[in-house]
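Here's the structure, in structure tokens; my notes come after.
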Amino acid sequence: MRLFDSKTKTKREFTPQNPPRVTLYVCGPTVYDDAHLGHAKSALVFDLLARVLRASGYALTYAKNITDIDDKIINKALQTGESIGSLTTRYTEAYHRDMDALGVARPDIEPRATESIGAMLEMIDALIRSKHAYATPEGDVYFDTQSDPAYLSLSGRKQEQSETQSRVESSAHKKQSADFALWKTVKEGGNSFDSPYGAGRPGWHLECSAMIQKHLTCKGDTFGVDIHGGGADLLFPHHENEAAQTRCALGHELANFWVHNGFVTIDGEKMSKSLGNSFFLKDALNHYQGEVLRYYLLSVHYRSDFNFSEEDLLASKRRLDKLYRLKKRLFGLVTEQVKTPFQTELLEALGDDLNVSVAYALIDAMIQAANEGLDQNPKDKTLRSQILSNLAFIQTLLGFGAQNPFEYFQFGIDEATKMRIDALIEARNDAKKAKDFARSDALRDEIAALGIALMDTPQGTFWERKE
RNA sequence: GGGUCUAUCGCCAAGUUGGUAAGGCACGUGAUUGCAAAUCACCCAUCCCCAGUUCGAGUCUGGGUAGGCCCUCCA
């Protein structure tokens, strides 16, 4: 497959260093709050990448970390009085719940920062011994960015700019303002870990380097991982710093391919709490089906900015509807699985740097051809088995179409309403049998008032929720 | 201020080596339907502006204009 690498800013053929093994590491959430749409986008992009890699025949090991020790977590715990362990467990579970709703498969490894302290301390030790890091009198340890000639080679920035324009107050003991903390000493006890530099906690950037080394790197590897992913905002300074640490501590580059997904904005504005437009996934899931959100969030190329709007989401839903309509036509049929050209083309499209636009277009064309074929030969066994195989392939590769099609179209309707609808439909069918079309249409209007659309078919009358 | 990315039909959005604009939503027409829905068929843009390179540019070069993101924790 071909992938765009943020470091070289080019799309090139992806080749793993130890084929067929492929390692993928993605920066996961800091669990101090509920996941928002940006977390969803990132998780979905790399879920798709993982699926495509597996479908392409690679033996993938996918790791996504959970940052469960951090300033924001500590502050929130102090504010609410909840223990850090309870807080991070609670939000980790919430994260899992939200991602499950989007159909995001769990990574193979989900390392926690607090479980990787040993690996991080080893890396600090190596950096200090090789003079790439220094301890301050307070017990902080900083990475010496000046000591790494390749520093900033990932993000392509220039040192002067980073320094002169820096808006951060730099520590009096830092050699350069760009130097970043590997270990932060902690005065008040409670939330700290023991270390040779005193009680404290690790700097944020360190955990990824350490986890990759611990879980994914093989002896003699040229790169820590084949692919390192995360949000575009992480390119600098987070990934730049990770790369520097690994380069200086271990003598190899951290990743062969750097993959960054674009940002999610809401109605043209960046999500932020101060703007009051932060969009929690759990809230979105109350209004829209997880699968619709999945289809919508994946519909734009992963490197593009994604502007969330309800109008676009509904347009996406109508597109996904067509897949379920086709599934409905063949509901209950079981056939043998066959290979089709469509499947090859779909995998090829996604194998080209995850070109979802082409993939979606292929799916639409397949659906259209399938409907046309079924219109002409509804009982064609070969056709049916091709269509069902294609749908199954889409489900595996993209995670679309796993639901019961009838339930898909009846999302969010409670049981009482369903029973009422069924009763009204029955009454309407009686009226239809009696050719009392006036009454039949009146009943349809009554049902429509409930937000329900009816469809008469040779198999009977079905209903769907209207938007 | 520095870095970086983007600007294609009403809306969303593809378009690796330059050769004459995918797909979806919405809209319109027709087939089908008691009516409708669904489905099918048809219809629907010359690619932000200016100047270049070229036989030929959305696709390359230069200059504008507009916007996103990063430079502070951040997916």
Side-chain angles (χ1 to χ4, degrees), chain A residues 2 4 6 9-12 26-30 32-33 35-46 67 70-72 75 152 155-158 160-169 178 204 229-238 260-265 268-273 296 299-301 303-307 309 311-322 325-326 328-329 349 352-353 355-365 367-376 409 432 435-438 440-441 444 448 453-457 461-464 466:
Chain A
R2 291 168 62 74
F4 184 88
S6 308
K9 296 189 177 67
T10 52
K11 187 157 78 172
R12 62 180 211 268
V26 174
C27 289
T30 301
Y32 73 106
D33 206 345
H36 58 232
L37 288 175
H39 292 106
K41 172 78 182 176
S42 178
L44 285 166
V45 163
F46 293 105
T67 301
D70 163 272
D71 282 338
K72 295 188 291 297
N75 290 338
L152 299 181
S155 61
R157 281 161 199 279
K158 299 188 178 76
E160 307 80 26
Q161 291 146 6
S162 308
E163 283 191 35
T164 54
Q165 293 299 323
S166 176
R167 283 180 259 163
V168 231
E169 287 297 313
W204 174 47
D233 55 322
L234 297 178
L235 183 61
F236 185 87
H238 186 51
H260 292 96
N261 66 274
F263 248 58
V264 179
T265 55
E269 288 194 84
K270 183 182 174 175
M271 268 189 293
S272 88
K273 282 174 188 165
Y296 173 49
S299 68
V300 177
H301 186 82
R303 274 188 281 118
S304 302
D305 289 327
F306 189 99
N307 184 37
S309 84
E311 185 190 347
D312 295 343
L313 181 142
L314 291 176
S316 259
K317 181 187 176 295
R318 292 190 198 105
R319 203 173 179 181
L320 179 59
D321 284 352
K322 295 193 298 183
R325 292 238 154 75
L326 176 59
K328 210 169 172 181
R329 279 187 89 161
D352 182 16
D353 197 34
N355 193 331
V356 287
S357 287
V358 170
Y360 279 31
L362 286 168
I363 291 173
D364 284 326
I367 291 171
Q368 195 174 324
N371 277 319
E372 192 180 2
L374 288 174
D375 284 348
Q376 284 162 5
F409 286 111
K432 277 176 67 180
K435 304 262 189 216
D436 183 354
F437 294 123
S440 162
D441 289 345
R444 190 217 292 279
L454 290 184
M455 37 241 320
D456 296 323
T457 76
T461 300
F462 299 105
W463 64 270
E464 295 180 359
K466 290 192 294 191

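Note: hydrogens, waters and symmetry copies are ignored here, and every other heavy atom, side chains too, is used. A note on names: the letters A, B, ... follow the listed sequences, proteins ahead of strands, and every chain is numbered from 1.
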Quiz item: Does any N or O donor sit under 3.5 Å from an N or O acceptor when you compare the side chain of A/D456 with the base of B/C35?
Solution: yes
Exercise. Please state whether the base of B/A13 and the side chain of A/H301 form at least one donor-acceptor pair under 3.5 Å?
Key: no
Quiz item: For A/L454, which contact category applies under a 4.0 Å heavy-atom criterion: base, sugar-phosphate, or nothing?
Solution: base
Exercise. Verify the contact: side-chain N or O of A/N307 to OP1 or OP2 of B/G68, cut-off strictly under 4.0 Å; return yes or no.
Key: no
Quiz item: In whole angstroms, how far is the P atom of B/A31 from the CD atom of A/Q376?
Solution: 19 Å
Exercise. Look through every strand shown and name the nucleotide pairing with B/G10 as Watson-Crick or G-U wobble, where both distances are under 3.5 Å.
Key: B/C25
Quiz prompt | Interatomic distance at P, B/G24 relative to B/G19, whole Å | solution = 23 Å
Exercise. Using a heavy-atom cut-off of under 4.0 Å over every strand shown, decide if A/V264 touches base, sugar-phosphate, or nothing.
Key: base
Quiz item: Is A/D352 reaching over with its side chain to a backbone N or O of A/N355, donor-acceptor style, under 3.5 angstrom?
Solution: no
Self-check item: Proximal nucleotide (of B/G24, B/A13, B/A36) relative to the A/S357 side chain
Solution: B/A13
Quiz item: Considering every strand shown, what is the Watson-Crick or G-U wobble mate of B/U54 when both distances are under 3.5 Å?
Solution: none
Exercise. Could you check whether A/G38 gets within reach of a base, just the sugar-phosphate, or nothing at all, counting any heavy atom under 4.0 Å?
Key: base
Self-check item: Inter-residue atom distance A/F4.CZ - A/R12.CZ, 0.5 Å rounding
Solution: 10.5 Å
Quiz prompt | Atom of A/S155, atom of A/F236 and distance for their closest heavy-atom approach | solution = OG-CD1, 3.5 Å
Quiz item: Given B/A13, B/C40, B/A75, which nucleotide is nearest the side-chain atoms of A/V300?
Solution: B/A13
Quiz item: When rounded to the nearest Å, what value does the distance between C1' atoms of B/C9 and B/C44 take?
Solution: 8 Å
Quiz item: Hey, does the side chain of A/N371 come within less than 4.0 Å of B/C40's phosphate (OP1/OP2), counting only N and O?
Solution: yes
Quiz item: Any side-chain N or O of A/W204 under 4.0 Å from OP1/OP2 of B/C74?
Solution: yes
Quiz item: In whole Å, what separates the P atom of B/U20 from that of B/U29?
Solution: 34 Å
Exercise. Provide, to the nearest angstrom, the distance between the CZ atom belonging to A/R157 and the P atom belonging to B/G1.
Key: 16 Å
Quiz item: B/C40, B/C12, B/A75: which one has an atom nearest the side-chain heavy atoms of A/D375?
Solution: B/C40
Quiz item: In Watson-Crick or G-U wobble terms, both distances under 3.5 Å, what is the partner of B/C44?
Solution: none
Quiz item: Using a cut-off of 4.0 Å on non-hydrogen atoms, how would the nucleic acid contact of A/E464 be classed: base, sugar-phosphate, or nothing?
Solution: nothing
Self-check item: Nearest-nucleotide comparison on RNA chain B, the residue closer to the 5′ end among A/K11 and A/G156
Solution: A/G156
Exercise. Report which part of the nucleic acid A/K432 touches: base, sugar-phosphate, or nothing (heavy-atom distance under 4.0 Å, all strands).
Key: base
Exercise. Please determine, for the side chain of A/T30, which listed nucleotide (B/A75, B/C12, B/A37) has the closest atom?
Key: B/A75
Practice problem: Map A/T457 and A/L37 onto RNA chain B by nearest heavy atom, then report which one ends up closer to the 5' terminus. | Solution: A/T457
Quiz item: So what's B/A31 paired with, Watson-Crick or G-U wobble, going by both distances under 3.5 Å?
Solution: B/U39
Quiz item: Could you state the CD-C1' distance from A/Q368 to B/A38, rounded to the nearest angstrom?
Solution: 14 Å
Practice problem: Name the closest nucleotide to the A/R329 side chain, picking from B/C11, B/U39, B/A14. | Solution: B/U39
Practice problem: May I ask you to evaluate whether A/K322 reaches the phosphate of B/C25, defined as a side-chain N or O under 4.0 Å from OP1 or OP2? | Solution: yes
Exercise. Name the nucleic acid region contacted by A/K9, choosing base, sugar-phosphate or nothing; use a 4.0 angstrom heavy-atom cut-off, strictly under.
Key: sugar-phosphate
Quiz prompt | Whole-Å P distance, B/U53 and B/C12 | solution = 35 Å
Quiz prompt | Proximity to the side chain of A/A361 - top-ranked nucleotide from B/A75, B/G23, B/A41 | solution = B/G23
Quiz item: Across all strands, who's sitting opposite B/U59 as a Watson-Crick or G-U wobble pair, both distances under 3.5 Å?
Solution: none
Exercise. Could you work out the separation of B/G1 and B/A26 based on their P atoms and round it to a whole Å?
Key: 44 Å
Quiz item: A/D364 side chain: which of B/A36, B/G24, B/A14 is closest?
Solution: B/G24
Quiz item: Using atom P of each nucleotide, how far apart are B/C70 and B/G28 to the nearest Å?
Solution: 41 Å
Quiz prompt | Among B/C70, B/A38, B/A14, the nucleotide that comes nearest once only the side chain of A/D233 is considered | solution = B/C70
Quiz item: OP1, OP2 of B/A37 versus side-chain N and O of A/T461: anything below 4.0 Å?
Solution: no
Quiz item: Is a donor-acceptor pair below 3.5 Å formed from side chain A/R444 to base B/A36, judging by atom type as modelled?
Solution: yes
Self-check item: Length of the CZ-P vector between A/R318 and B/A26, whole Å
Solution: 5 Å
Quiz item: For the side chain of A/E372, counting heavy atoms from C-beta on, which of B/C12, B/C74, B/A41 is nearest?
Solution: B/A41
Practice problem: Just name whichever nucleotide pairs with B/U16, Watson-Crick or G-U, keeping both distances under 3.5 Å, else none. | Solution: none
Self-check item: Taking every non-hydrogen atom, the tightest pair across A/V356 and A/S299
Solution: CG2-O, 3.7 Å
Quiz item: Whom does B/G1 pair with, Watson-Crick or G-U wobble, provided both distances fall under 3.5 Å?
Solution: B/C71
Quiz item: Rounded to whole angstroms, how far apart are CG on A/L313 and P on B/G24?
Solution: 19 Å
Quiz item: When you measure from the centre of the six-membered ring of A/Y360, is the NZ or CZ of A/R319 under 6.0 Å away and within 45° of the axis?
Solution: no
Quiz item: Among the nucleotides B/A14, B/C73, B/A75, which one has an atom lying closest to any side-chain atom of A/L234?
Solution: B/A75
Exercise. Can you see which heavy atom on A/K41 is nearest to which on A/V300, and at what distance?
Key: NZ-O, 3.2 Å
Quiz item: Base, sugar-phosphate, or nothing: which does A/S42 touch, judged by heavy atoms less than 4.0 Å apart?
Solution: sugar-phosphate
Practice problem: Measure the distance from CZ on A/F4 to C1' on B/U16 and round it to the nearest whole Å. | Solution: 12 Å
Quiz item: Say you pick atom C1' in B/A66 and the same atom in B/G15; how far apart are they, in whole Å?
Solution: 23 Å
Exercise. Taking atom NZ of A/K435 as the centre, report whether more than 12 heavy atoms of other residues, nucleotides or ligands fall under 6.0 Å from it.
Key: no
Quiz item: Going by modelled atom types, is there a donor-acceptor pair between the base of B/G34 and the side chain of A/D441 at under 3.5 Å?
Solution: yes
Quiz prompt | Heavy-atom pair of closest approach, residues A/K432 and A/F437 | solution = O-CE2, 4.5 Å
Quiz item: Do you know which two heavy atoms are closest between A/A349 and A/V358, and how far apart they sit?
Solution: CB-CG1, 3.6 Å
Exercise. Taking atom C1' in both B/U46 and B/G63, compute the distance separating them and give it to the nearest angstrom.
Key: 23 Å
Quiz item: How would you label the contact of A/S440 with the nucleic acid (heavy atoms, under 4.0 Å): base, sugar-phosphate, or nothing?
Solution: base
Quiz item: Do you know which of A/L320, A/L314, A/L313 makes side chain to side chain contact (heavy atoms under 4.5 Å, CB included) with A/Y296?
Solution: A/L313
Quiz prompt | Spacing between A/Y360 atom OH and B/A22 atom C1', to the nearest angstrom | solution = 16 Å
Quiz item: Please give, in whole Å, the distance from B/A14 P to A/D305 CG?
Solution: 11 Å
